[in-house]
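Shown next, in structure tokens, is the structure this report addresses.
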Amino acid sequence: MHSVIQSEKYLTQGCAPTSLLTLSDKADMKTFSAKANEVDRKWWIIDAKDQVLGRVAVKAADLLRGKEKPIFTPHVDTGDFVIVINADKVRVTGKKETAKTYMSFSGFVGGHKSENFKQRQARHPELLIERAVRGMIPHNRLGRAIYTKLKVYGGAEHPHSSQQPAPAVVS
């Protein structure tokens, strides 16, 4: 009698331990797994003007992976397309504008190149956001497929207006 009263108390509070659930209750619980061909993809646009680089990259990476969707499945590409505009007007905090360095190495002797944030922003501002987002998505075949849905533009113009992208708010 005591266990029945105790199990009713747990069920009314919505926190029943699994040991109190019957076998039929456990059979109804199934894990949902999204299928790649059933994903409904949207287009989002992020305006990076006067936004912090890391916050823009986190928002873009979450939308690309589909983390904000209820159907998110880690091993399936459930994400949306993301357009980032005004990449040349993105900012960083602190002394990163002069202290943060981006390095590359060609593999040849003397092939080491280095530039700071300000130099790269002047030369090729799209690379800043692309590199930041690339570091936030999986580093495998799935990540490479996800990365192709990112479109970054230095100015305010983009050729994807026919997709009617919805604005994404960067917090």
Side-chain angles (χ1 to χ4, degrees), residues 32-171:
F32 174 78
S33 185
K35 294 171 183 60
N37 57 355
E38 295 176 359
V39 176
D40 183 32
R41 303 199 190 281
K42 285 182 63 177
W43 283 75
W44 297 94
I45 187 163
I46 298 174
D47 189 0
K49 184 176 182 180
D50 297 326
Q51 297 286 340
V52 178
L53 173 63
R55 293 183 186 270
V56 171
V58 166
K59 185 66 174 182
D62 284 348
L63 290 171
L64 285 169
R65 285 210 65 198
K67 291 278 231 164
E68 297 184 352
K69 291 183 176 184
I71 64 162
F72 174 70
T73 308
H75 64 279
V76 178
D77 183 7
T78 56
D80 297 326
F81 290 88
V82 177
I83 305 164
V84 181
I85 58 172
N86 292 321
D88 55 347
K89 295 178 179 71
V90 73
R91 66 182 179 90
V92 288
T93 58
K95 297 180 181 179
K96 291 188 208 83
E97 197 166 282
T98 55
K100 184 168 179 60
T101 58
Y102 295 93
M103 292 177 266
S104 63
F105 183 63
S106 67
F108 292 97
V109 175
H112 179 264
K113 294 180 181 176
S114 179
E115 62 185 348
N116 64 17
F117 177 86
K118 199 169 200 166
Q119 292 167 338
R120 181 161 286 187
Q121 191 172 26
R123 184 177 67 86
H124 204 322
E126 296 87 7
L127 287 178
L128 295 170
I129 294 176
E130 288 174 358
R131 178 175 171 172
V133 172
R134 182 176 280 172
M136 296 181 187
I137 58 177
H139 305 290
N140 52 25
R141 280 182 289 182
L142 177 64
R144 289 188 291 276
I146 289 170
Y147 185 70
T148 60
K149 296 184 307 208
L150 176 67
K151 317 294 182 194
V152 183
Y153 300 99
E157 299 297 318
H158 63 87
H160 307 287
S161 57
S162 61
Q163 276 76 28
Q164 300 171 346
V169 179
V170 178
S171 56

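A heavy-atom distance below 4.5 Å is found between the side chains of I137 and R65. I129 places a side-chain heavy atom less than 4.5 Å from the side chain of L53. The side-chain heavy atoms of E68 and W44, taken from C-beta on, include no pair separated by under 4.5 Å. Here the side chains of P159 and K151 are not in contact, with every heavy-atom distance at 4.5 Å or above. Counting heavy atoms from C-beta on, the side chains of R144 and R134 never come closer than 4.5 Å. Considering only heavy atoms from C-beta on, D62 comes within 4.5 Å of V58 through its side chain.
Contact record, P74 with L142: O-CD2, 3.4 Å, taken as the closest heavy-atom pair. When every heavy atom of A61 is checked against every heavy atom of M136, the shortest pair comes out as CB-CB, 3.7 Å. The shortest non-hydrogen separation linking H158 to I45 is NE2-CD1, 3.4 Å. Residues V84 and A48 approach most closely at CG1-CB, 4.1 Å, considering heavy atoms. For the pair V52 and V90, the tightest heavy-atom approach, listed with the atom from each and the gap, is C-CG2, 4.2 Å. Residues A57 and A132 approach most closely at CB-CB, 3.7 Å, considering heavy atoms.
Taking the ring axis of Y147 as reference, the NZ or CZ atom of K149 does not stay both within 45° of it and closer than 6.0 Å to the ring centre.
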- Test side chain to side chain contact (heavy atoms under 4.5 Å, CB included) on H75 and S33 and set out the steps. CA-CA 9 Å; H75 64 279; S33 185; 3.7 Å; yes
Quiz item: Checking ring-ring contact (aromatic ring centres under 6.0 Å, His included) for the pair H124/Y102: CA distance, chi angles, key distance, verdict?
Solution: CA-CA 12 Å; H124 204 322; Y102 295 93; over 10 Å; no
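The closest donor-acceptor contact from the side chain of E115 to the backbone of Q121 lies at 3.5 Å or more, if one exists at all. For Q119 (side chain) and N116 (main-chain N/O), a donor-acceptor pair under 3.5 Å exists by modelled atom type. Between the side chain of K89 and the backbone N or O of N86 there is no donor-acceptor pair closer than 3.5 Å. The closest donor-acceptor contact from the side chain of S106 to the backbone of H112 lies at 3.5 Å or more, if one exists at all. Under the 3.5 Å distance criterion, the side-chain polar atoms of K67 are left unmatched by any main-chain donor or acceptor of L64.
F81 and W43 have parallel rings, their planes meeting at less than 30° on a 0 to 90° scale where 60° marks the start of perpendicular.
Other residues, nucleotides and ligands place more than 12 heavy atoms under 6.0 Å from the CZ atom of R91. Shown here is D40, whose CG atom has no more than 12 heavy atoms of other residues, nucleotides or ligands within 6.0 Å. Environment of CZ in F108: sparse, with no more than 12 heavy atoms of neighbouring residues, nucleotides or ligands closer than 6.0 Å. Other residues, nucleotides and ligands contribute over 12 non-hydrogen atoms within 6.0 Å of the CZ atom of R123.
Atoms NZ and OG1, from K96 and T101 in turn, are 13.0 Å apart once rounded to the nearest 0.5 Å. D47 CG to I85 CD1: the interatomic distance, rounded to the nearest 0.5 Å, is 4.5 Å. With rounding to the nearest 0.5 Å, the separation of CG in L63 from CD1 in I83 is 11.5 Å.
Judged by distance alone, the side chains of K95 and T98 never bring a donor and an acceptor atom under 3.5 Å apart.
Checked for salt-bridge contact, D77 and R41 meet the test: a charged N lies under 4.0 Å from a carboxylate O. Using a 4.0 Å cut-off between charged nitrogen and carboxylate oxygen, R120 and E126 do not count as a salt-bridge pair.
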